[in-house]
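Report on the following structure.
A, B, ... follow the sequence lines: proteins, then strands. Residue 1 opens every chain. All values derive from a computational prediction rather than experimental measurement.
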2 protein chains.
Amino acid sequence: MMSTLSISEENYLKAIFHLYTHDAGIGTNAIAHHLNTKAASVTEMIKKLAEKKLLTYEKYQGVVPTRKGFTLALGIVRKHRLWEYFLVEKLKFKWDEVHDIAEQLEHIKSERLVEQLDHYLGFPKLDPHGDPIPDKEGKMCAMNCCCVSDIKPNSNAKISGVKNHSPAFLKHLEKMKLTIGKTVKVIDRNDFDQSVELVLNHETMYISKEVAENLLVKKIKG
Amino acid sequence: MMSTLSISEENYLKAIFHLYTHDAGIGTNAIAHHLNTKAASVTEMIKKLAEKKLLTYEKYQGVVPTRKGFTLALGIVRKHRLWEYFLVEKLKFKWDEVHDIAEQLEHIKSERLVEQLDHYLGFPKLDPHGDPIPDKEGKMCAMNCCCVSDIKPNSNAKISGVKNHSPAFLKHLEKMKLTIGKTVKVIDRNDFDQSVELVLNHETMYISKEVAENLLVKKIKG
DNA sequence: TAATTTTTTTAGGTTAAACTAAATTATATT
DNA sequence: AATATAATTTAGTTTAACCTAAAAAAATTA
Ligand SMILES: [Mn+2]
Ligand SMILES: [Mn+2]
Ligand SMILES: [Mn+2]
Ligand SMILES: [Mn+2]
């Protein structure tokens, strides 16, 4: 009744899910770029997923995930983030080392495994990068955050996540001690290079435009 | 330099390793049966693995794993058994539920992951079925065990493993409380049906020929 | 609107891993 | 030794997932 998906199919579904939820247009090229394949391959796979009612597709009109496709994608994201949490909290990996391994682990097929793992980890709500972990029903907490570059000067904020997940960026943040949970005060934005001045642990520091745009925070009163 | 193996290649290597170390002849048919494929598919794969110097092969003469192939196979077995241990000890799976999941997990590619997992688990020496877990260098403890049917009457023995790993057999053993570590006294073997009489927890019980042949024990003095 | 550029699809091929059926080699039986 | 049986290999297909190059459609720009 529920023919099991191949790893490729799962990866396409997940890519479409991500593009869909990040509002970005879900064009054939965008999907191809996201998966490191070519547009022609995407068109083929899209047809197969449409056959399986995981998304709706009309030629040249792009795709939209169906309820079923969306739910399946959420399940893969759930696994990915639970495994990342496991790798960091239990196996002592750094937050910049876990994504590639989770890309493999997310395809392990066993409902029991996911539920037991979730239980074992204490039903975490957020993964090591601050991304919400969907629960068994696919529900996850809303992330009302914005990037540092959108914060008004002279306000306090708590670091809550990253937009860019590249190891290079993550390592850079860690070196600067800009890790999740830390509180910062945004002092000012420099018009010349869009760098941002802020205070972290009572010390003044400057972060580049690139960092400010990819570091997510939540405003806090004060 | 070390082209990474596909999941299929890994499964063939592992099957050959198992047949090889259990003395069974490594015929094309035996491998095919072990992997649920057909002999023709085996011949093809064998050629590829021989190309990669993971085994030696001469037409109609069968195969022998090379040092390199043997080492790689050991690495997969190591991962399989470490994951089984993890599933039972940390995620509270039963010993009859872990094999299929470990069949998937054993193919996750990350040296770091295996070493961290091993460390996290406390470098276990045996998996939930009593099979030895190879260490990082491929060394594992020798299992000087034999099946209950080979034990002389009136001797004590400790349950140390299973020959048959099927969930049905494992569940059956658990129901009869014949679990690893338990001590039993072998009383007698019945000539009529080869069933074996033994004492477990001060109670007399009979086990069938099939059970006696697939339950592994270590003799103990007394 | 017409021309140009970009995006998407189609057509046709490749590769890994499977399969069936037929041919070949090895082993066992008479 | 001749024959029958079993194991193995070869030949020829299939399928999923990719690819390149060309065609078609859509979006931009002039
Ligand atoms: Mn990730
Ligand atoms: Mn993450
Ligand atoms: Mn197993
Ligand atoms: Mn085992």
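The ring-ring contact (aromatic ring centres under 6.0 Å, His included) analysis of residues 76-111 of chain A, with sequence neighbours excluded, yields the pairs A:H80-A:H99, A:W83-A:F86, A:F86-B:F86.
The number of heavy atoms from other shown groups lying within 6.0 Å of OH (A:Y57) is above 12. Around the CZ atom of A:F123, the shell of radius 6.0 Å holds more than 12 heavy atoms that belong to other residues, nucleotides or ligands. Around NZ of A:K219, the count of heavy atoms belonging to other residues, nucleotides or ligands within 6.0 Å does not exceed 12. Within a 6.0 Å radius of NZ in B:K52, more than 12 heavy atoms belonging to other residues, nucleotides or ligands are found.
Remark: C1' of C:dT9 and CD1 of A:I46 are 10 Å apart, rounded to the nearest angstrom. Between A:I31 atom CD1 and C:dT9 atom C1' there is a gap of 14 Å when expressed in whole angstrom units. The distance from atom CG of A:N29 to atom C1' of C:dT6 is 8 Å, rounded to the nearest whole Å. The interatomic distance linking A:M45 (CE) with D:dC19 (P) rounds to 11 Å, in whole Å. In this structure, the CG atom of B:L49 is 13 Å from the C1' atom of C:dA16, given to the nearest Å. Protein atom CG of B:L5 is 14 Å distant from nucleotide atom P of C:dA16, rounded to whole Å. We find that CG of B:N11 is positioned 14 Å from C1' of C:dA18, with the value rounded to whole Å. In this structure, A:K47 atom NZ and C:dT9 atom P are separated by 8 Å, rounded to whole Å.
Projected onto DNA chain D by closest heavy-atom contact, A:Y12 and A:Q61 fall at different nucleotides, the more 5' of which corresponds to A:Y12.
Residue A:T28 places its side chain closer to C:dT9 than to any other of D:dT9, C:dT9, C:dA18.
Listed pair A:K59 / D:dA24 fails the phosphate criterion, with no side-chain N or O lying under 4.0 Å from OP1 or OP2. Between D:dT8 and B:Y57, no contact under 4.0 Å exists linking OP1 or OP2 to a side-chain N or O. Contact annotation: B:S8 side-chain N/O to C:dA16 OP1/OP2 distance is not under 4.0 Å.
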Donor-acceptor pairs are to be reported for all side-chain atoms of residues 131-140 of chain A against protein atoms at under 3.5 Å, with residues two or more places apart or in another chain.
| unit_1 | atom_1 | unit_2 | atom_2 | d |
| --- | --- | --- | --- | --- |
| A:D131 | OD2 | A:H165 | NE2 | 2.8 |
| A:D135 | OD1 | A:E137 | N | 2.8 |
| A:D135 | OD1 | A:G138 | N | 3.0 |
| A:D135 | OD1 | A:K139 | N | 2.9 |

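Under the 30°/60° scheme for interplanar angles, the aromatic rings of B:F17 and B:F70 are found to be tilted.
Contacts of B:T43 with the nucleic acid, taken as non-hydrogen atoms under 4.0 Å apart, include base atoms.
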Along nucleotides 19-24 of chain C, 5' to 3', which nucleotides get a B, which get an S, and which get a -, given that the test is a protein heavy-atom distance under 4.0 Å? BBB--B

